[in-house]
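Following: one structure in structure tokens, then a few remarks.
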Amino acid sequence: MAINISSFIETLKKEVRHYTVPVVDLIAVQTKDPFKILVATILSARTKDETTAKAAQRLFEAAPDKKHLAALSRDEIQKRIYPVGFYKSKAVYLEKLPGSLEKFGGKIPETIDELITLPGVGRKTANLVMSAAFDKDAICVDTHVHRMMNIWGYVKTKTPLETEMALRKKLPRRHWKEVNSVLVAFGQGTCRPVSPHCDQCVLQTQCPQKGVKPRKQK
DNA sequence: AAAACGGGGGC
DNA sequence: GCCCCAGTTTT
């Protein structure tokens, strides 16, 4: 492999301002409220950060906490979160959320296993909430992180879950949280699967794919 | 116009 | 495992 994984992240970290900011950062700088971070992260699935941030803001105007959210109709939630991707499904998730929190005493749980029992929360979302809301050491592996880690040869895995487990062993703990901001942002903004911005990539000369588009041409 | 795509749920 | 969910971006 080209460079070790710590150097890889350190190099990107210096250039992070060039990349789009993940929605958790957008929300987290405005609030440390786990409820809002959780809701925004649920909304962010397969949706652009800017779209997600605006939708979350519209929703929070009417539902800044779980009590107010419980008072909203599914239709009202739908209207406020539109046009995030899969907004109908997400409206149902959010409608169920206050009730789902009851088995945790009405609070947002602080473990992965508990978080993924919530509607609309999978492993990627749970890890991001752990990191952004609770400042826990958690590695968020979205499809970009999964793809890049394999391209660079740091892991040889088939699923994002396997990648997460591999990184837990391989990646020094001090870098875990950085994956969630720096790497995620890099994957979305520069090292994208379609039309990557290789020309403005700080790791261009060391990239295993040099000039080759990361995307497979079937 | 059509395919690809930043997850997750239900089966 | 496979299919569904929607709007945006890319081809």
Side-chain angles (χ1 to χ4, degrees), chain A residues 12 16 18-28 37-59 74-75 77-97 99-101 108-109 112-133 138-151 157-164 167 178-201 212-218:
Chain A
L12 291 178
V16 71
H18 290 221
Y19 308 128
T20 54
V21 182
V23 70
V24 283
D25 286 359
L26 284 176
I27 300 299
I37 292 175
L38 173 63
V39 170
T41 309
I42 290 173
L43 291 177
S44 74
R46 293 182 73 78
T47 303
K48 293 276 185 238
D49 288 345
E50 296 75 13
T51 307
T52 306
K54 287 186 171 127
Q57 206 48 53
R58 280 194 301 277
L59 183 62
R74 181 187 305 181
D75 193 59
I77 296 173
Q78 244 185 57
K79 284 179 183 159
R80 289 188 176 269
I81 66 177
Y82 182 89
V84 299
F86 307 126
Y87 66 94
K88 288 177 187 166
S89 305
K90 289 173 183 174
V92 175
Y93 300 153
L94 293 178
E95 185 184 23
K96 295 188 199 161
L97 182 58
S100 303
L101 289 175
I108 314 287
I112 301 289
D113 290 340
E114 290 174 320
L115 280 168
I116 60 177
T117 69
L118 299 174
V121 180
R123 220 172 159 89
K124 180 260 183 181
T125 302
N127 272 306
L128 218 42
V129 170
M130 289 285 284
S131 177
I139 303 178
C140 164
V141 178
D142 64 3
T143 58
H144 288 320
V145 173
H146 175 61
R147 172 177 49 83
M148 291 187 293
M149 290 299 93
N150 276 282
I151 287 174
T157 51
K158 200 164 60 53
T159 67
L161 175 59
E162 292 173 33
T163 301
E164 181 193 330
L167 287 179
E178 295 168 346
V179 171
N180 312 330
S181 53
V182 177
L183 255 192
V184 170
F186 180 61
Q188 292 178 194
T190 302
C191 191
R192 306 186 296 183
V194 296
S195 62
H197 295 171
C198 299
D199 52 324
Q200 65 185 48
C201 176
V212 179
K213 296 201 168 193
R215 174 159 208 26
K216 301 258 189 214
Q217 61 284 33
K218 68 173 323 183

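None of the values given here were measured: they were computed from a predicted structure.
- Residue A:Val121 is classed as a sugar-phosphate contact, given heavy-atom separations below 4.0 Å to backbone atoms only.
- Between A:Thr47 and C:dG7 there is no side-chain N or O to OP1 or OP2 distance below 4.0 Å.
- In this entry the distance linking CG of A:Leu94 with C1' of B:dG8 reads 13 Å, nearest Å.
- For B:dA4, neither phosphate oxygen OP1 nor OP2 lies less than 4.0 angstrom from any side-chain nitrogen or oxygen of A:Arg192.
- Of the two residues near DNA chain C, A:His197 and A:Lys158, the one whose nearest nucleotide lies more 5' is A:Lys158.
- Closest approach of A:Leu38 and A:Ile108 over heavy atoms only: CD2-CD1, 3.7 Å.
- In this structure, A:Ile81 CD1 and A:Thr51 OG1 are separated by 12.5 Å, a value rounded to the nearest 0.5 Å.
- Listed by residue number, the members of residues 81-89 of chain A with any heavy atom below 4.0 angstrom from DNA chain C are A:Tyr82, A:Pro83, A:Gly85, A:Phe86, A:Tyr87, A:Lys88, A:Ser89.
- Within 4.0 Å of A:Leu128, counting heavy atoms only, lies no atom of the nucleic acid at all.
- Here the C1' atom of nucleotide C:dG1 and the CD atom of A:Glu162 are 14 Å apart, to the nearest Å.
- With rounding to whole Å, A:Asp49 atom CG is found 19 Å from C:dG7 atom P.
- Per the geometry, CG belonging to A:Leu161 stands 14 Å off C1' belonging to B:dG8, to the nearest Å.
- Atom-to-atom distance recorded for A:Leu161:CG and A:His146:NE2 is 10.5 Å, nearest 0.5 angstrom.
- Applying the side chain to side chain donor-acceptor pair (under 3.5 Å) definition to pairs two or more places apart or across chains, those involving residues 112-122 of chain A are A:Thr111-A:Glu114.
- Nearest approach of A:Cys140 to A:Val179, heavy atoms of both residues: O-CG1, 3.7 Å.
- Between A:Leu43 atom CG and B:dG8 atom C1' there is a gap of 13 Å when expressed in whole angstrom units.
- Between the NZ atom in A:Lys88 and the CG atom in A:Asp75 there is a gap of 10.5 Å [rounded to 0.5 Å].
- Atom NZ of A:Lys90 is separated from atom P of C:dC4 by 19 Å (rounded to the nearest Å).
- Atom name P, nucleotides C:dC3 and B:dA3: the rounded distance is 16 Å, in whole Å.
- A:Ile42 CD1 to A:Thr125 OG1: the interatomic distance, rounded to the nearest 0.5 Å, is 7.0 Å.
- Side chain of A:Thr47 to main chain of A:Gly85: a donor-acceptor pair is present (N/O by atom type, distance under 3.5 Å, no hydrogens or angles).
- Of the possible polar contacts, none joining the A:Lys124 side chain to the A:Ala45 backbone as a donor-acceptor pair under 3.5 Å is found.
- Residues A:Pro119 and A:Lys96 share a closest heavy-atom pair of CG-CB, 4.0 Å.
- The distance between atom OH of A:Tyr93 and atom C1' of C:dA6, rounded to the nearest whole Å, is 12 Å.
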Convert the base pairs of DNA chain B into dot-bracket notation, remembering that pairs crossing earlier ones are written with [ ] and that bases paired across to another strand are shown as |; include only Watson-Crick or G-U pairs under 3.5 Å.
-> |||||.|||||
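- Looking at heavy-atom distances under 4.0 Å, A:Thr125 makes contact with sugar-phosphate atoms alone, never a base.
- In this structure, A:Arg46 places its CZ atom 11 Å from P of B:dG8, rounding to the nearest Å.
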